[in-house]
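Heads up: the structure comes next, in C-alpha cells.
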Amino acid sequence: MLTHFNKDGKAIMVDVTEKNETKREAITSGKIFMNFETFQKVKDGTIEKGDVLGVARVAGIMAAKKTSDLIPMCHPLFITGVDIKFILNEEKLMIEARATVKTSWKNRCRNGSFDSGNYIIVDDI
C-alpha cells in the first residue's frame, strides 16, 4: 500500500497524529575514493580549499536539519542529534563518511541520515 496517496491517487502527507513517539536512529555511510596526492592532502589538512572534512561535516549536519525541505512529503524532523564521522583508509585511498541521525518523535529519521550522508559525499572533498 502506498501511503503518500489518497484513495483518488492524489499525493498527500501521511497523518502521524495518532502515532506514538519513539526514539529512532539511522546510520548512512558512503565511500569517497581519490588519488594518492589528494588523499594525503586531505589527511594532512593541506588541501588548498582548507578544512574539507570540517566543511563536509557542517554540510552533512545542515542537510539533516533541512530534510523536510529537500524530500517531498517528508514531515519536519525533530532531530535530537547528528554525528558525522570520517574513517580514512590509506590502503584503499578512501574516506568513509558516516552520518548518524537521532530523533525522538513520531516519524523515522532515515531520510535525515540519507540526506546528511549524500551532502557529505558531494561536498567539496
- Asp83: partners by salt bridge (Lys or Arg N to Asp or Glu O under 4.0 Å), with sequence neighbours left out: Lys85
- Could you list the residues that satisfy side chain to side chain donor-acceptor pair (under 3.5 Å) with Asp15, not counting sequence neighbours? Thr17
- So, are Glu25 and Lys23 salt-bridged, with charged N and O less than 4.0 Å apart? no
- Task: Mind checking salt bridge (Lys or Arg N to Asp or Glu O under 4.0 Å) for Lys43 and listing every partner two or more places apart, or none if nothing turns up?
- Result: Glu90
- Who are the side chain to side chain contact (heavy atoms under 4.5 Å, CB included) partners of Glu48, not counting sequence neighbours? Lys41
- Item | pair Thr38-Phe36: side-chain heavy atoms closer than 4.5 Å | no
- Message: Let me confirm one number: the CD1-NZ distance from Ile12 to Lys7, rounded to the nearest 0.5 Å.
- Response: 11.0 Å
- Residues Leu93, Asn35; criterion side-chain contact (heavy atoms from CB on, under 4.5 Å); working and verdict: CA-CA 7 Å; Leu93 298 176; Asn35 65 38; 5.7 Å; no
- Task: Please answer: with hydrophobic residues joined when any side-chain heavy atoms are less than 4.5 Å apart, are Ile61 and Phe86 in the same cluster?
- Result: yes
- Message: Applying the side chain to side chain contact (heavy atoms under 4.5 Å, CB included) criterion to Val101, which one of Ile79, Thr80, Thr67, Ile84 satisfies it?
- Response: Ile79
- If two hydrophobic side chains count as joined below 4.5 Å and joins carry through other members, does Met34 share a cluster with Val52? yes
- Query: Any chance CE of Met62 has more than 12 other-residue heavy atoms, nucleotides or ligands included, within less than 6.0 Å?
  - Reply: no
- Gap between atom CD of Gln40 and atom CD1 of Ile47 - 0.5 Å precision: 11.5 Å
- Query: Does Glu91 have any salt bridge (Lys or Arg N to Asp or Glu O under 4.0 Å) partners at least two apart in sequence or in another chain, and if so, which?
  - Reply: none
- Note on the structure: Minimal heavy-atom distance between Thr22 and Arg24, with the atoms involved, is OG1-NE, 2.9 Å
- Query: What distance do Ile32 atom CD1 and Asn89 atom CG have between them, rounded to the nearest 0.5 Å?
  - Reply: 12.5 Å
- Task: Applying side chain to side chain contact (heavy atoms under 4.5 Å, CB included), name anything that partners Lys10, two or more places apart in sequence or on another chain.
- Result: Asn6, Asp8
- Between the CD1 atom in Ile87 and the CD1 atom in Ile95, the distance rounded to the nearest 0.5 Å is 10.5 Å
- Share the residues that join Phe33 in a hydrophobic cluster, the rule being Ile, Leu, Val, Met, Phe, Trp or Tyr side chains under 4.5 Å apart at the heavy-atom level. Met94
